[in-house]
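Working notes, beginning with the structure itself.
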Amino acid sequence: MGDVEKKLEAYEVKREGEAEILMLKTNAVFFNPVQVHNRDMSIAVLRTFVAKRKEEHEEMINKRNKSRQHVSQVPKADGDGTSSEQPASSSLDGEINGDHGKELHRTVDKAEGLSTEATHTPSWKRIRELNAPVVLEALAASGLRSLRYAREIDGLGKVVALDNDEASVEACKRNIKFNGSAASDKVEAHLADARVYMLTHPKEFDVVDLDPYGSPAIFLDSAVQAVADGGLLMCTATDMAVLCGSNGEVCYSKYGSYPVKGKYCHEMALRILLACIESHANRYKRFIVPVLSVSMDFYIRVFVRVFTSASEIKNAPLKLSYVYQCVGCDSFHLQCLGRTVTKGKSVKYAPGIGPVVPQVCSDCGKKFNVGGPIWSAPIHDQDWVLSTLADVKAMKDRYPAYNKITSVLTTVSEELHDVQLFFSQHNITGTVKCTPLSAAVFRSAVLNAGYRISSTHVNPLGLKSDAPWDVIWDIIRCWVRIHPIKEQPQDSAGTMILSKSPKLEANFSRAVAAVSNAQAKKINRFLPNPQRYWGPKIRGGRTITSKHASLLGHEAVNGVIRHEDGNGLVVDKLAPGTEEGVSRTEEKSSDDECVTEQ
C-alpha cells in the first residue's frame, strides 16, 4: 500500500470538461492548461461538423431518391419489348463516408422463397447508414483532447490518438483506463510517426486534428491525404514569430509564402497557413473550404473541409493573392494570382493582370514591400459560425472556456467575410499625427460614404472595410481640416497625404450601424487572460530552469526546481534573489525563449 501511495504522489489529477487525466508532476509529458480555449473551440466546431454531416447526407439521399423516382416513371424497353431498369452505381456514400462507403449498402429481403428477381431491391431503395465519424489526433501527448472528444461529443466513432514519444503514449493509455469504459470503448493510442501513419491510411479519417508544438508544416502533406472526402481538418500553428514576419525567409521555406509586417499580421498568418494547406491538397486533386479560422491567445487555428475534384482545383489561383504593403503609410493592396476569361459558354483561366499599384504609393509617395501569396478567399463560413455559436450558447455548462469562445465566435460572426486583412484606426491617425477620432465616428463616416465596415476578431482596434484607400484618407483629411495639427516634416508620409485636397466630403454624423449588435448588447468581445503567465509552456521532457520563470511564474518554478527529484532528474535552482522578480537580462532571455518554445 505504501508503494502505491508513493507512486500516486508523483501524479496529480487534471480535470477539463468531462475528462480527467493523471499527470506527472515533472515535465515528462507536455500539457498546457491554456489550450482549454483551443480544445473547447475544437469541440464546438466538431459538434457542428457531426450535425452538418448528417444534414448533408439526408439531403443527398432525398435528392437522389427524387431523381430515381422520376427516372422510374419512364421505363426503357428492351429489344423484346419488356421494360428494364438500370440502377446506377452511387458515389454518394463515398463522398460522405470516404472509403467506408463500400460498407453502407444493405439488401433487405421482404419475403422468403421468392425468386431473386422478385426480391431484388434497386440500389436507390436500399437502406443506407451513415457511419459514425472517425477522428485522428495526430499528436496526442497526454491524450486529453482525444478523451474529451470521446466523452463529450455525441455520435463520434473511433478516436485514434498518436504520438511518437513512448512516455506520451504510456501516459495516454493510462489516462484512457483512468476515464473508464466511456473512453476505453472509443479511444485507442498508438506509438507511431504521425506522418507515416497518415500516409498509410489515406482517406480513412473523417476528422484529422493537428496541434503540434510549433509549426504544422511537416504534417500537412500527409494530413490532406488522410482526410476523407468532405472531412474536417483542424490545424494549429504556434510559430507566430515566423508567420508574422520576424523571420520571413523561414516562413517562406516552411509555408511557401513571404509575410510582410503590418497590424494585420495575425490575419495574414491565418491566410498563409490556409494557402499552404490548399497547396498541399492541390497536389492530390483536392481542395479546401475554410469553415472557421481564428487567432487566439498565442496561436492560430484553422478548420477546413477537404474535397476531391480535378476541375475545382483549377480555381486555386483565383483564391490566392500577393500583398503590396506601403512602407510609409498603412495602405495595402492585393494582387490576385489568376483570373477567368469567359467567351460564351467556355471559361478559360489566365494569369492575373497587374501590377495593381504604381512604383510608389499614390497616397504618400513611398515604396511598397511585396508579400504572399496568401489565401484571399473567405476564411470563414458564416452559416457554420452562426450554427456553432448557437450550439455553444445552448450548452453553456459543457464548455470550461465558454466566455472566451463565445466572445471570439461573436466577433467572427460580425466580420466582413469577403474583405481581406484590416487596418488600425490608431495607426492611420498616427501617420498624420492628428487627434484620434472615436471608432463610432470613423465607422459612421465610412458608412455615410456608402461603404461597409466591421471590426475583426484578431485585434480590438482593427477595422475591415471595402472602402478604397483614397476614401479612407479623404475621411482623415476632412477630420484634420476640422481638427488642425502642427506642421510636420515635409518628407513625412503624413505631410504627403495631407497635401492633397479631399475629393470626398466626409459626413461624420452618427450612423445607425456604426455600433455592432454585440457592442449594443454590451457583449464582451475581447477578454483579458484569466490569470498570469497565460501563454506557451515548456516542451514536454525539457528541464525546467530559472530562465523559464517568465513562462511558468516564479511560484511554479520554485515548486519544481530542486537538486534532484524522485525520478533522478537533475535540474537547476533559481539564482538567489530572483524569487521576487527576474533581472532585465533574464527577462529578455526568457522572452527569446518564448518565441522558440510556443
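Along the sequence shown, residues are numbered consecutively beginning with 1.
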Between K52 and D383, is a salt bridge (charged side-chain N to carboxylate O under 4.0 Å, His left out) present by the stated rule, with each step listed? CA-CA 10 Å; K52 293 279 186 184; D383 182 48; 2.3 Å; yes
Between [X] and [Y] (side chain of the first, backbone of the second, donor and acceptor by atom type, cut-off under 3.5 Å), is there such a pair?
X    : Y    : value
T406 : N403 : yes
S168 : S142 : no
K464 : S455 : no
N524 : S407 : no
R398 : E152 : yes
D163 : V169 : no
N247 : V250 : no
H380 : S293 : yes
T456 : N459 : no
Q420 : S376 : yes

Short N-O contact, [X] and [Y], less than 4.0 angstrom:
X    : Y    : answer
K63  : E59  : no
K14  : E20  : no
D209 : R301 : yes
E312 : R286 : no
K319 : E278 : yes
E188 : K173 : no
R452 : D418 : yes
R53  : E55  : no
R39  : D211 : no

For [X] versus [Y], what's the shortest heavy-atom pair and its separation?
X    : Y    : value
P212 : T236 : CD-O, 3.4 Å
D154 : V50  : O-CG1, 4.0 Å
P373 : S257 : O-OG, 2.7 Å
V187 : A150 : CG2-CB, 3.4 Å
H266 : S295 : CB-OG, 3.7 Å
L243 : A237 : CD1-CB, 3.9 Å

Close side-chain approach of [X] to [Y], heavy-atom, < 4.5 Å:
X    : Y    : answer
K254 : I218 : no
S215 : V242 : no
M41  : V408 : yes
F178 : V13  : yes
L139 : Y213 : no
S42  : F303 : yes
L232 : D206 : no
W384 : F49  : yes

Walk me through it: do I300 and V294 pass the test side-chain contact (heavy atoms from CB on, under 4.5 Å)? CA-CA 6 Å; I300 56 174; V294 294; over 6 Å; no
Supply the atom-to-atom distance [X] [atom1] to [Y] [atom2], rounded to the nearest 0.5 angstrom.
X    : Y    : atom1 : atom2 : value
I61  : L130 : CD1   : CG    : 9.0 Å
Y399 : R47  : OH    : CZ    : 4.0 Å
Q519 : S516 : CD    : OG    : 3.5 Å
I313 : R283 : CD1   : CZ    : 12.0 Å
M395 : I43  : CE    : CD1   : 10.0 Å
H57  : N62  : NE2   : CG    : 9.5 Å

V135 vs V208, side-chain contact (heavy atoms from CB on, under 4.5 Å): CA-CA, chis, key distance, verdict: CA-CA 6 Å; V135 181; V208 173; over 6 Å; no
Derivation and outcome, side chain to side chain donor-acceptor pair (under 3.5 Å), residues D221 and Y284: CA-CA 9 Å; D221 195 76; Y284 306 100; 2.7 Å; yes
Between Q225 and S222, does the side chain to side chain donor-acceptor pair (under 3.5 Å) criterion hold? Intermediate values first, please. CA-CA 5 Å; Q225 299 180 66; S222 51; over 6 Å; no
Evaluate R271 against E267 for salt bridge (charged side-chain N to carboxylate O under 4.0 Å, His left out), listing each step before the verdict. CA-CA 6 Å; R271 295 182 180 275; E267 182 180 332; 3.0 Å; yes
Among R148, Q35, K404, find the residue that satisfies the side-chain contact (heavy atoms from CB on, under 4.5 Å) test when tested with D40.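 Only match with D40 under side-chain contact (heavy atoms from CB on, under 4.5 Å): R148.
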What verdict does the side chain to side chain donor-acceptor pair (under 3.5 Å) test give for Y255 and S279, after you've listed the backbone C-alpha separation in whole Å, the side-chain angles of each residue and the deciding distance to 0.1 Å? CA-CA 9 Å; Y255 299 97; S279 174; over 6 Å; no
Before you tell me yes or no, could you show the steps for T388 and T48 under side chain to side chain donor-acceptor pair (under 3.5 Å), namely the whole-Å CA-CA distance, both residues' side-chain angles and the distance that decides it to 0.1 Å? CA-CA 6 Å; T388 304; T48 304; 2.9 Å; yes
Test side-chain contact (heavy atoms from CB on, under 4.5 Å) applied to L210 and M198, step by step: CA-CA 11 Å; L210 292 177; M198 289 188 287; 4.2 Å; yes
So with a 6.0 Å cut-off around NZ of K186, is the heavy-atom count from everything else above 12?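 Correct, the count exceeds 12.
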Taking atom OH of Y197 as the centre, does the number of heavy atoms from other residues, nucleotides or ligands within less than 6.0 Å exceed 12?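 Count over threshold, so yes.
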Residue pair I288, L233: steps toward the side-chain contact (heavy atoms from CB on, under 4.5 Å) verdict: CA-CA 9 Å; I288 65 169; L233 172 61; 6.0 Å; no
Students often mix this up, so state it plainly: with edges at 30° and 60°, are the rings of F422 and Y264 parallel, tilted or perpendicular?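 Ring orientation of F422 relative to Y264: perpendicular.
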